[in-house]
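Before any comments, here is the structure.
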Amino acid sequence: MSIVKIPKLSSELEFVPFELLEDEIKVKYFSDGVQAGFPSPADDFKEQRISLDSKYLTNPDATFLVRVKGDSMYPTLQIGDLLIVKSDKELLDNKIGILSVNNTEFTVKRFDKDKNILIADNKSFPNIEIGEDDTILCLGIVQHFIRDL
């Protein structure tokens, strides 16, 4: 029998707890987007409502939030970004995951299935090569992120 201890998050990431309550908060949503030029006067009448928690926090048992604390994935992910991570999604080629290689600390990297590497989008950080004997533990896939402007 072997017992595997789950690695902790690297200093590049921070867990952010959340709690879903029974009440939904719905915000105004303009389904046609926003014009970069002169807006149509009829746009005032296209308003709908959307619940952000039902859109982004579906399946709460398989959803968690992580805040980016490092810049290895810059410019895609930036320090302070809030990542919405789904543990029920499969790690596919070119997806960004919260990953541990050989029980090291979890980090956030892009998966390149063809080359067997974990890619740091920031070119000043090294990529992580994955050997045939290496074990990847995927905590979840980054589905969305929130960035304050």
Side-chain angles (χ1 to χ4, degrees), residues 2-21 24-39 43 46 48-149:
S2 69
I3 297 174
V4 178
K5 182 180 175 186
I6 301 290
K8 65 180 185 171
L9 292 181
S10 72
S11 61
E12 191 171 39
L13 298 169
E14 170 190 22
F15 272 117
V16 177
F18 75 93
E19 180 180 350
L20 289 179
L21 303 174
E24 278 189 341
I25 298 172
K26 297 198 176 196
V27 296
K28 293 179 181 178
Y29 170 63
F30 296 91
S31 61
D32 290 341
V34 64
Q35 294 286 332
F38 187 75
D43 282 347
K46 293 182 181 180
Q48 298 177 8
R49 291 192 157 306
I50 185 172
S51 167
L52 295 179
D53 56 338
S54 67
K55 172 134 176 83
Y56 295 109
L57 301 179
T58 57
N59 194 2
D61 292 335
T63 303
F64 57 96
L65 304 177
V66 178
R67 187 168 311 280
V68 176
K69 293 179 73 177
D71 59 355
S72 72
M73 290 300 289
Y74 181 85
T76 308
L77 302 175
Q78 298 178 17
I79 294 173
D81 285 353
L82 187 63
L83 308 181
I84 301 173
V85 181
K86 303 288 189 163
S87 63
D88 59 346
K89 300 293 183 186
E90 186 179 347
L91 180 61
L92 300 173
D93 187 48
N94 204 36
K95 293 293 182 184
I96 296 174
I98 309 298
L99 307 163
S100 168
V101 179
N102 298 327
N103 213 32
T104 59
E105 292 180 333
F106 281 102
T107 187
V108 57
K109 295 291 179 276
R110 183 180 307 277
F111 179 56
D112 185 326
K113 188 174 182 174
D114 295 332
K115 296 178 182 174
N116 285 328
I117 57 174
L118 301 179
I119 298 173
D121 286 358
N122 186 336
K123 300 302 179 202
S124 61
F125 285 79
N127 294 329
I128 301 170
E129 293 186 27
I130 304 167
E132 222 174 273
D133 295 333
D134 289 333
T135 301
I136 298 175
L137 181 58
C138 179
L139 198 57
I141 306 302
V142 177
Q143 288 295 114
H144 312 279
F145 70 88
I146 300 167
R147 177 175 296 152
D148 292 335
L149 296 178

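Worth saying up front: this structure is predicted, and the values here are computed from it rather than measured.
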**Asked** Under 3.5 Å, is there a donor-acceptor pair linking the side chains of Ser124 and Asn122?
**Response** yes
**Asked** Is Glu129 atom CD crowded by more than 12 heavy atoms from other residues, nucleotides or ligands, each under 6.0 Å away?
**Response** no
**Request:** Scan for side chain to side chain donor-acceptor pair (under 3.5 Å) pairs involving residues 135-149, sequence neighbours excluded, and state none if there are none.
**Result:** Asp81-Arg147
**Prompt:** Do Leu118 and Leu99 come within less than 4.5 Å of each other through their side chains, counting heavy atoms only?
**Reply:** yes
**Message:** To check you understand the geometry: which heavy-atom pair defines the closest contact between Pro126 and Ala120, and what is its length?
**Reply:** O-CB, 3.9 Å
**Request:** Just jot down the side chain to side chain contact (heavy atoms under 4.5 Å, CB included) partners of Asn59, sequence neighbours excluded, or say none.
**Result:** Asp61, Ala62, Asp88
**Message:** As an exercise, state the distance from CZ of Arg67 to CG of Leu9, rounded to the nearest 0.5 Å.
**Reply:** 13.0 Å
**Message:** Any heavy-atom pair between the side chains of Tyr56 and Thr63 that's under 4.5 Å?
**Reply:** no
**Message:** Using only atom types and a distance under 3.5 Å, with no angle test, would you say the side chain of Arg110 pairs donor to acceptor with the backbone of Asn94?
**Reply:** yes
**Prompt:** Say you draw a straight line from OG1 of Thr107 to CZ of Phe125; how long is it, rounded to the nearest 0.5 Å?
**Reply:** 9.0 Å
**Prompt:** Can you find a side-chain donor-acceptor pair between Glu12 and Ser72 that sits under 3.5 Å?
**Reply:** yes
**Message:** I'd like to check Val66 versus Leu82 (side-chain heavy atoms, cut-off strictly below 4.5 Å). Are they in contact?
**Reply:** no
**Asked** With side chains defined as the heavy atoms from C-beta onward, is the minimum distance between Ser10 and Phe106 less than 4.5 Å?
**Response** no
**Asp134 side, atom CG; Thr104 side, atom OG1 - distance, nearest 0.5 Å** = 9.5 Å
**Prompt:** Closest approach of Gly70 and Ile79, non-hydrogen atoms and distance?
**Reply:** O-CG1, 3.5 Å
**Item:** Atom pair CD1 (Ile96) and CG (Leu91), whose distance is rounded to the nearest 0.5 Å
**Value:** 11.0 Å
**Message:** Quick one, Asp112 and Asp93 - any side-chain contact, counting heavy atoms below 4.5 Å?
**Reply:** yes
**Asked** Between Lys113 and Phe111, is any pair of side-chain heavy atoms under 4.5 Å apart?
**Response** yes
**Asked** Got a second to check how far Asp121's CG is from Asp71's CG, nearest 0.5 Å?
**Response** 11.5 Å
**Request:** Check the side chains of Thr58 and Lys86 for a donor-acceptor pair under 3.5 angstrom, ignoring hydrogens and angles.
**Result:** yes
**Prompt:** Would you find more than 12 non-hydrogen atoms of other residues, nucleotides or ligands less than 6.0 Å from Tyr74 atom OH?
**Reply:** no
**Request:** Any chance you could measure Asn127, atom CG, to Ile119, atom CD1, to the nearest 0.5 Å?
**Result:** 5.5 Å
**Message:** Minimum heavy-atom separation for Met73 and Val108, please, with both atom names.
**Reply:** CG-O, 3.4 Å
**Item:** Candidates Ile146, Leu65, Ile98 - the one meeting side-chain contact (heavy atoms from CB on, under 4.5 Å) with Leu83
**Value:** Ile98
**Item:** Shortest non-hydrogen contact between Phe145 and Thr76, atoms and distance
**Value:** CZ-O, 3.8 Å
